[in-house]
Protein chains: 2
Amino acid sequence: MANIREIAKRAGVSVSTVSRVLNGYPYVKEEKRKAVWDVVHELNYKKNINAVHLSKGKTNIIGVMLPTINHPYFSMIVEGIAEEALRYGYHLLFFQTNYDIHKELEALEMLRVKQIDGLIICSHTISLETLELYISDGPIVLCEDIQEPHIFSVYIDHYQAFMLGMDYLIKKGHSKIGYCLGRPTSINSQKRKAAYKDALQNIHASIHANWMFHHCLHMGDGKRIVSTILSLAEKPTALLVTSDQVAAGIVLWGKTYGLRVPNDLAIVSFDNHPISEALHITTIELPLSLMGKKAFQMIYDYFANNYTQPKKEKLPVRLIERASV
Amino acid sequence: MANIREIAKRAGVSVSTVSRVLNGYPYVKEEKRKAVWDVVHELNYKKNINAVHLSKGKTNIIGVMLPTINHPYFSMIVEGIAEEALRYGYHLLFFQTNYDIHKELEALEMLRVKQIDGLIICSHTISLETLELYISDGPIVLCEDIQEPHIFSVYIDHYQAFMLGMDYLIKKGHSKIGYCLGRPTSINSQKRKAAYKDALQNIHASIHANWMFHHCLHMGDGKRIVSTILSLAEKPTALLVTSDQVAAGIVLWGKTYGLRVPNDLAIVSFDNHPISEALHITTIELPLSLMGKKAFQMIYDYFANNYTQPKKEKLPVRLIERASV
DNA sequence: ATGAAAGCGCTAACAT
DNA sequence: ATGTTAGCGCTTTCAT
């Protein structure tokens, strides 16, 4: 494998001249420049990028931490990240953690060992205190509304978004409202629960523990939700569902088991994935791809503008009325 | 940032002893080993992984080339790859190409510049001839049935799978059968078309160009297919659809526009994603996650067994009868 | 404008 | 068992 020394020797110049030519440094005499390129092409030479990484102390690789890539919620974020990364010549290294703390730590360690320049965390179980141990190793972006001053954050205001859904359902005459959330302990879920409680309190409605479903992530979870609701003596008349996938599952399994949407149960869901359109589900659109883009941008700007202070950015949502309420 | 020399100095040993301790090399006196670990912990030292990469000429990173991560077909493959990669301490670098040849080439170049040890290609537009230019740069795995002796291949026999679907539809009394494919030029599509033609020929049925839909990838494509079929004077009675997403779109948009499945149109689709179960769609299950695992395994074995000859492996499919036929 | 040479931080061959 | 040292292939400073 040819290296820069070989090129230098054959072109009759020094390695530094080769390096300058290769990196587009201006002050090189035209004939030397040509000589170098000629040899480079002749040998089909390519830089060893690891040597560049070592020498520069930078890899142009951004890490992406997520529980699983195989879920529309995350793959939409990633799509956004990937699009921006490509534009700026960055690469993406994936850490599929399945919410395993050890795997999450491994991703953070990659920051410390310089395998990645920065890390975008789409979702996590690890504590913020632990995260903070790594802030000096490189920029970290969290897709959550957090206050820690040293961590970047691009987020959806889930309190407001949930409130939007609640208000809509209430305006449509519902007061027996339940919800379906993902992981109940996540920061996003906490915000949603707060909105839920506040909204019910505003209309003096009581809270029913068995109208609150947790760990709802996939279409298949709709089956469980539908059969549980059917077995309930006192049923909710509406559900706020934090994922189009789950909402679709409820609509479809409801059809199978005899729970009609919206007649028996109104639904407002979140995401606005294609499936919600196909099923005519009223949904609150989350700008996930945009979130990915912004997350990358934050890291990019951090390096481009000499390590600026971490930013926080809130993204807008909108309700799309369809036929599930 | 502390380096190995610093550790050596503080622990009162040589750099090679530090290296040996760090890498679990056996012949080190217990007290020196302890001295090293003590300093390592004290300084919270971590190896600079780029230096390791440069020194070893290997990165333990595998590239994954795909058009988009945001599609269940690909995210399932990736999930399989990621699972195996993690088990063996490998990392994944993603190349979202959107079928852009330049981006595909960029992924291949990463192989040449040693940024990645190997490359898994989930789908591509680039020609096999071009691919072959890179086989000396590292192992390449293709998720297609190809013959090139220097490229690894793990694949689904799409001829056989398509034939399975055709036979099933024919056995159920259909002869007016159409299909929905993704990119018509892909190797996988070629195999499917061949099976389609052969199957129709077997029953002396004629081929209708307007029963053959191409570029069907997403749920939204179902809309187009449904309205086209509704406008046809002579309609197919059955459709073989190469994606559950598209099949779901057909079922759902069919419901909206008045094309009933299976009454007006029978459907056999592919993948067996959760949505096909929720919609009771008869589907041919493709072992996509397994395909990802096998793809990674091939690369892993290649390095573990000193650069063995490229293998080819065919994966089984099975038809799951539900209610769309 | 160009070259010499000193790193970057680690691995591994070689010597003892 | 342990240390010395020569790489790995590039970037970058410092001379000239």
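Quantities reported herein were computed from a predicted structural model and do not represent experimental measurements. By convention in this document, chain letters (A, B, ...) are assigned in the order of the sequence lines, proteins followed by strands, and residues within each chain are numbered from 1.
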*Which residues satisfy the salt bridge (charged side-chain N to carboxylate O under 4.0 Å, His left out) test with B/E313, sequence neighbours excluded?*
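Partners of B/E313 under the salt bridge (charged side-chain N to carboxylate O under 4.0 Å, His left out) test: B/K294.
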*For A/D157, enumerate each residue passing the salt bridge (charged side-chain N to carboxylate O under 4.0 Å, His left out) test, keeping only those at least two apart in sequence or located in another chain.*
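Residues passing salt bridge (charged side-chain N to carboxylate O under 4.0 Å, His left out) with A/D157: A/K314.
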*asked:* Can you see whether B/Y27 has B/R20 sitting over its ring - NZ or CZ less than 6.0 Å from the centre and within 45° of the normal?
replied: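 Judged by the rule (NZ or CZ under 6.0 Å from the ring centre, within 45° of its axis), B/R20 is not positioned above B/Y27.
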*Does the side chain of B/E83 come within less than 4.5 Å of B/F296's, by heavy atoms?*
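Of all side-chain heavy-atom pairs linking B/E83 with B/F296, none is under 4.5 Å.
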*Are A/F95 and A/I116 side-chain neighbours, meaning at least one heavy-atom pair lies under 4.5 Å?*
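With C-beta onward as the side chain, the pair touches.
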*Base, sugar-phosphate, or nothing for A/S19, non-hydrogen atoms under 4.0 angstrom?*
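Answer is base: heavy atoms of A/S19 come under 4.0 Å of a base.
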*asked:* Does A/N50 reach a base, just sugar-phosphate, or nothing at all? Heavy atoms under 4.0 Å.
replied: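 A/N50: no heavy atom of the nucleic acid under 4.0 Å.
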Rounded to whole angstroms, how far apart are [atom1] on [X] and [atom2] on [N]?
| X | N | atom1 | atom2 | value |
| --- | --- | --- | --- | --- |
| A/K46 | D/dC10 | NZ | C1' | 16 Å |
| B/I49 | C/dT11 | CD1 | P | 10 Å |
| B/K32 | D/dG3 | NZ | C1' | 9 Å |
| A/I4 | C/dA4 | CD1 | P | 13 Å |
| A/K9 | C/dA4 | NZ | P | 14 Å |
| A/K58 | D/dT12 | NZ | C1' | 17 Å |
| B/E6 | C/dG7 | CD | C1' | 16 Å |

*Return the 5'-most residue of the pair A/L22, B/Y27 with respect to DNA chain D, ranking by each residue's nearest nucleotide.*
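Looking at DNA chain D, the more 5' nearest nucleotide goes with B/Y27.
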*Between B/R20 and A/G12, who's closer to the 5' end of DNA chain C by nearest nucleotide?*
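The 5'-side residue here is A/G12.
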[N], OP1 or OP2 - any side-chain N/O from [X] closer than 4.0 Å?
| X | N | result |
| --- | --- | --- |
| A/K47 | D/dT11 | yes |
| A/Y45 | D/dC10 | yes |
| A/K114 | C/dC8 | no |

*Taking 4.0 angstrom as the limit, do A/E6 and A/R10 come out as a salt bridge?*
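So A/E6 pairs with A/R10 through a salt bridge.
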*Please determine if A/E106 and A/K103 form a salt bridge, counting it only when a charged side-chain N lies under 4.0 Å from a carboxylate O.*
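Judged by the 4.0 Å cut-off on N to carboxylate O distance, A/E106 and A/K103 do not form a salt bridge.
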_If you only use heavy atoms from C-beta on, which nucleotide in D/dA1, C/dT2, D/dC10 is closest to the side chain of A/K29?_
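For the A/K29 side chain, the nearest candidate turns out to be C/dT2.
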Polar atom pairs (N or O), protein with nucleotides 5-8 of chain D, under 3.5 Å:
residue: D/dG7; atom: N2; partner: B/S55; partner atom: OG; Å: 3.4

*Using side chain to side chain contact (heavy atoms under 4.5 Å, CB included) as the criterion, list what pairs up with B/K29, not counting sequence neighbours.*
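For B/K29, the residues satisfying side chain to side chain contact (heavy atoms under 4.5 Å, CB included) (neighbours in sequence not counted) are B/E31, B/K32.
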*Report the C-alpha separation of A/H124 and A/E144 in whole Å, then their side-chain angles, then the decisive distance to 0.1 Å, and conclude whether the side-chain hydrogen bond (donor to acceptor under 3.5 Å, both in side chains) test is met.*
CA-CA 10 Å; A/H124 65 104; A/E144 279 172 1; 3.1 Å; yes
*Which pairs pass salt bridge (Lys or Arg N to Asp or Glu O under 4.0 Å) with one or both residues in residues 48-62 of chain A, sequence neighbours excluded?*
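Every salt bridge (Lys or Arg N to Asp or Glu O under 4.0 Å) pair that includes a residue of residues 48-62 of chain A, provided the two are not neighbours, is A/K58-A/D117.
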*asked:* Roughly what angle, to 10°, lies between the helix axis at the start of the helix from C/dA1-D/dT16 to C/dT16-D/dA1 and the one at its end, five pairs per end?
replied: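 Taking five pairs per end, the axes differ by 40°.
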